[in-house]
Amino acid sequence: MSELFSRTRIQILLPLPLSGVLDYLMPDELQLQKGDFVTVPLSGREVQGVVWDTDPENRDVPEEKLKYVIRKAELPPLPESLMKFVSWVANYTLSPLGSVLKMALSVPRKFDKPKKKILYRLSPELPEKLSPARTRVAEAAVGDMPMAVKSWCDIAAVGEGVVRGMIKAGQMVPVEVSGEESFLKPDIELERATLSKEQRDAAEQIILQQRSGTFQAMLLEGVTGSGKTEVYFEAIAEALRDKTAQVLVLVPEISLTAQWLERFKERFGSEPVIWHSEMTPAQRRRAWWATICGEARVIVGARSALFLPLQNLKLVIVDEEHSTTFKQDEGVMYNGRDMAVVRAMHMHCPVVLASATPSLETLINAESGKYDWLYLGERHGPAELPQMSCVDLKKYPLESGSWISQPLRMALEDNFVKGEQTLLYLNRRGYAPLTLCRSCGHRMECPHCSAWLVEHSRFNKLECHHCGFNRPKPNICPQCEAVDSLVAVGPGVERVAEEVAVLFPDARLAVMSSDEIASPASLKRMIESIERHEVDFIIGTQIVTKGYHFPMLTLVGVIDADLGMSGADPRAAERTWQQLEQVAGRAGRAEHAGRVIFQTYQPNHPVLQAIVCGDKDLFLEREAASREAQNLPPYGKLASLILSGPDRSKVVGAAKALGSKAPHSNDLKVLGPVPAPLSYLRGNHRYRFLVKAGTSVNLQNEIRCWLDLLPSQRGVKIQIDIDPYSFY
Ligand code: ADP
Ligand code: ZN
């Protein structure tokens, strides 16, 4: 009996979709602490996990059923702040704890210490006389630099035997180095831009807050080109004076930030540590290790960088904080911007939310004083804000098959003749959003989704933008078999480019959309070619709104300013405003003045009025008022539940059953179930509920209790999205 009592029970969290921890026994020889990485047995396999609790309260599983931890990894423990964050996110998003841990451990072979490599350098005591081959080796040496055997052979043009012989004879000596290149340290003393008064004030406020070592969220608002990046670079440099401080910068899409990285390198002399989903396993491992060992000082990444094992986080920046790409809309559905605020709170450091077009949520927090509000009102240097105007398409109707109105065409001509660059913006990939049959009216739809197929002319195919299904464009209508009767309806960027090519046969065009840009490298090439002024017209999707700075770009034409204004999304108007404002911000960023033209059927729409007349405050006030009236975020809480599955009747049955148990109170309403706007997606039927609640309601608890009332059903998946950004 006494022996039983001496055994220590601990709880391990595994990176698997389990909602809780599992109990194990701690072998005497392992002194395990909270956060330690361990390997444990699980149904005949070995699984890696983290010690979550060393003195658990819950001891329901009898001790004799427990297995021993197999081994402990040689790794610094998972920082306690990250454990806390993982629990917080799981609780907030109603996700299994293990699924959230998985995001923090999504690194291949993380338990293997980076390997040491053995290199060789010449011995300081070489004999006077060497064979000709060995002399060649001795003469090939580059200072004291150690090199691999293979490299010695290459530069001295000798066989491997020669080098091995020298090693054996002690003429070359081994040097052990870390197998992975280490990251260069940022140099904070490099020469830098002299900040304007406004910029300096903003930077000072961040620095003061940062030095105080306390949490504070700060909105850094400033028109595009006002120097927000310069300001937070200054704050980063100051934070790094503490030799162990780490800084995290979140950016919307890391693969799209080549220009940003260049600037960082100019300012700090070396590249930061980068983190995003498209990195190779080796790159991920290197960055993860550098973070947990404290070697990584500045980490710039996509939202998932929040889950890196940062040891001494002293400052968090969220650039383009309004961007919806911070929201992860599958798996653990979290908003990277909001979670960055929570992460900073746990780490007792400031978080700076930067944007030219802050989200309404952030603005309201700044207005109420919950967030500090730093404001940059002017563009840097001579650059002035562009001149804006609308073309009313009711007055200047488009000719059939044309998407460029006469006033816009004249402006394009004018700019082309002047030799300046023009951007035409249309947030639609491909050639045409719809293909239909002229004879029978049949529309080409995706067989797996309730969505039209989009024509991509370059590959002569029709593609579904939801599931990726594609097929060659047929010559015959699949319904009535009429020949050559399928016509393209509506424009995509490819079609606009075709029109520009006809209008300006001598012009050099570039189409910028995710179809054209397959990799960060190809994006970089395109950006450089635009910077070198090898392009006259850029025709692009929202990819071009991402903060680029092209000095010769002086005209922006928005092909369809009405796109995206309608729909079930309560943020539709706000988002359209942000997109248009951002795309307009690409014009005239240097000494040449800029001009922006919006083609629209609704020139009086509040969004356009806000941009064109500059009464942005009025627009935002109205938006805020309308959200408040409807109790929508941030004035109320919102969650969506999507039920989906391949068998429609099962999904409907489950949705009805759930609907009959839905909670209702003065402060909480459940709307639905209704078929989701995209009622069929990737072969699954979809039904949705919206839960609206007052800010004092514990929404997560309510939903948890509600779902507990019914057993989960086979073949029906329930996806919970707290504070949804997607409404299809
Ligand atoms: P934002 O991030 O607000 O869009 P940036 O920081 O990118 O603005 O600044 C826009 C341009 O102006 C950049 O090319 C930047 O280098 C330049 N710039 C901003 N502030 C200064 C300054 N104080 N001195 C020199 N150049 C500056
Ligand atoms: Zn599809």
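Atoms within each ligand, like the ligands themselves, are counted from 1 in listed order.
- Electrostatic pairing of Glu463 and Lys473 does not count as a salt bridge here, judged by no charged N lying under 4.0 Å from a carboxylate O.
- Here His465 does not reach the Zn ion (ligand 2): none of its N/O/S atoms is less than 2.8 Å from the metal.
- Counting heavy atoms only, Lys228 comes closest to atom 1 (P) of ligand 1 of the residues Arg263, Glu230, Lys228.
- Below 4.0 Å from some heavy atom of Leu195 lie the following atoms of ligand 1, by number and element: 23 (N).
- For a threshold of 3.5 Å applied to N or O pairs, the pair formed by Gly222 and ligand 1 contains no separation below that value.
- Taking the Zn ion (ligand 2) as the apex, the angle formed with SG of Cys467 and SG of Cys446 is 100°, to the nearest 10 degrees.
- Between the side chain of Asp536 and the main chain of Arg508, a donor-acceptor pair closer than 3.5 Å is present.
- Short contacts between ligand 1 and Val223, defined as distances under 4.0 Å to a heavy atom of the residue, involve ligand atoms 3 (O).
- Comment: Glu238 engages Arg241 in a salt bridge, judged by a side-chain N to carboxylate O separation of less than 4.0 angstrom.
- Note that Arg571 lies in the cation-pi zone of Tyr725, set by a 6.0 Å cut-off to the ring centre and a 45° limit from the axis.
- Under 4.0 Å is where a charged nitrogen must lie from a carboxylate oxygen, and between Glu221 and Lys616 at least one such pair does.
- Salt-bridge check for Arg263 with Glu230: passed, with a basic side-chain N closer than 4.0 Å to an acidic carboxylate O.
- Proximity to Ala193 (heavy-atom distance under 4.0 Å) selects the following atoms of ligand 1: 22 (C), 24 (N), 25 (C).
- Using a 4.0 Å cut-off between a side-chain N of Lys or Arg and a carboxylate O of Asp or Glu, Glu528 and Lys524 qualify as a salt bridge.
- Below 4.0 Å from some heavy atom of Gly227 lie the following atoms of ligand 1, by number and element: 1 (P), 3 (O), 5 (P), 6 (O), 8 (O), 9 (O), 19 (C).
- Remark: ligand 1 atoms within the under-4.0 Å shell around heavy atoms of Thr194 are 22 (C), 23 (N), 24 (N).
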